[in-house]
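Just so it is clear: chains get the letters A, B, ... in the order the sequence lines come, proteins before strands, and each one is counted from 1.
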2 protein chains.
Amino acid sequence: MDARTKILETATRLFATHGYDSTSLSHVAKAASVSKALIFWHFETKENLFQAVLSRTIEPYTIDVEDLDGLSEPEQLRRLIDLYYEFVTENVFSVRFFLSLFLREEKRPDPLFGRILDLYRLYQQILGDVIARGQACGTLSREVDPGLHAGLVLSALNGVLVQGFMGEPEPQPPQRLVEQLKTTLVDRLQVQ
Amino acid sequence: MDARTKILETATRLFATHGYDSTSLSHVAKAASVSKALIFWHFETKENLFQAVLSRTIEPYTIDVEDLDGLSEPEQLRRLIDLYYEFVTENVFSVRFFLSLFLREEKRPDPLFGRILDLYRLYQQILGDVIARGQACGTLSREVDPGLHAGLVLSALNGVLVQGFMGEPEPQPPQRLVEQLKTTLVDRLQVQ
DNA sequence: GTCTATATACAGATAGAC
DNA sequence: GTCTATCTGTATATAGAC
């Protein structure tokens, strides 16, 4: 592996676990087995390195909602919930990283920041649309407001995620919570 | 106000917004209008100051579940949910602070850390107990597992909280999400 | 208790050899 | 591209006057 990549990988790991300020370039250099000067040669400044790390990290963040066709609306909802949960479990490390950035004034990577929020809103809208369609088709109860219910589902998912961050062993394992979520927030909404 | 208190208040604010490492004692000294040396005279080290800040911050963290008597179980649940939400809104600042600490290896204030988790688990257990009692009395549906449902309710509450952190304006304001939460996760569980 | 002045360490960043 | 050596600022922490 070339030095540049090595630096990027190491910096990603260290920034994510210790944060921006707590991660010194001397530390990165040592962990990546290169000199400090080489980091500056490749990335100019610490800030630049950080931006490069963020871009690299956010790269796989996309929503592809395939193969929902042919499923009933409740089934689509269950599938979307699973997709969301799969995504965050596959990216726990960086999701945790970004969440910690959101909580601090420290570093708000505004452009990327906005991109994450856009993705998030898009996902919420997709959920809301499916609920609305289900109500129109008569497969889902009309008792709830689609947008609001979508917001609740996502909140619950995020809550499960955060609960996972707060340290094991939890009384309720995340997967069972997600199951409970689908049962209560989707199945109970179905029109029999 | 005496200097010691002034330092504590200032440090609390700065640590909470910028984190441990990003907050220099020079900065604290300037913001509190005292000399750096005075901070060391009162608190010995930066680490000590931080611990003092944490203790002070965690002080009001208690659960007092009063006046639930006389309420039906569903009403008790609604009340408990409101209490939780009131607590976090009154303490947004420090809750956000602690959550950010949980997400970083940076500083894990282990003793206090544990106390927060204990409170959290206690709250979850209270919720679970109320649900179980409701099921025994026949006011709540037996379809759900009490502990699991309690976990889901708390996750959803935490999710609403986090959603609030991620930046306004959100499509769904927190209060409406909490209402939706109570409707869906409590009312729909009632036996008519 | 509160200050100014200072010691010491390490941060981000540059110069220049190879 | 990669290094060693070095500059400059600022961090935590101390000494000692008042």
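A donor atom on one side chain and an acceptor atom on the other are found under 3.5 Å apart for B:Thr5 and B:Asp2. B:Ser72 and B:Glu75 form a side-chain donor-acceptor contact under 3.5 Å, judged by distance and modelled atom types alone.
Between the A:Ser22 side chain and the A:Gly19 main chain, no donor and acceptor come within less than 3.5 Å of each other. In terms of modelled atom types and a separation under 3.5 Å, the side chain of A:Ser100 and the main chain of B:Leu103 share no donor-acceptor contact.
Partners of B:Asp118 by side-chain hydrogen bond (donor to acceptor under 3.5 Å, both in side chains), not counting sequence neighbours, listed by chain and number: B:Arg121.
Counting any heavy atom pair closer than 4.0 Å across all strands shown, B:Ser24 reaches sugar-phosphate atoms only and no base atom.
Between B:Leu77 and B:Glu73, every side-chain heavy-atom pair lies at or beyond the 4.5 Å cut-off. Side chains of A:Asp187 and A:Arg78 form a contact here, defined as non-hydrogen atoms less than 4.5 Å apart.
Protein chain B contacts DNA chain C over a range whose 5' and 3' limits, counting nucleotides with an atom under 4.0 angstrom from a non-hydrogen atom, are C:dG1 to C:dT4.
With B:Tyr61 as reference, B:Phe98 is the one residue of B:Tyr120, B:Phe98, B:Phe97 to meet the ring pair (Phe, Tyr, Trp, His ring centres under 6.0 Å) rule.
Listed in residue order, the members of residues 36-46 of chain B having a heavy atom less than 4.0 Å from DNA chain D are B:Lys36, B:Ala37, B:Phe40, B:Thr45, B:Lys46.
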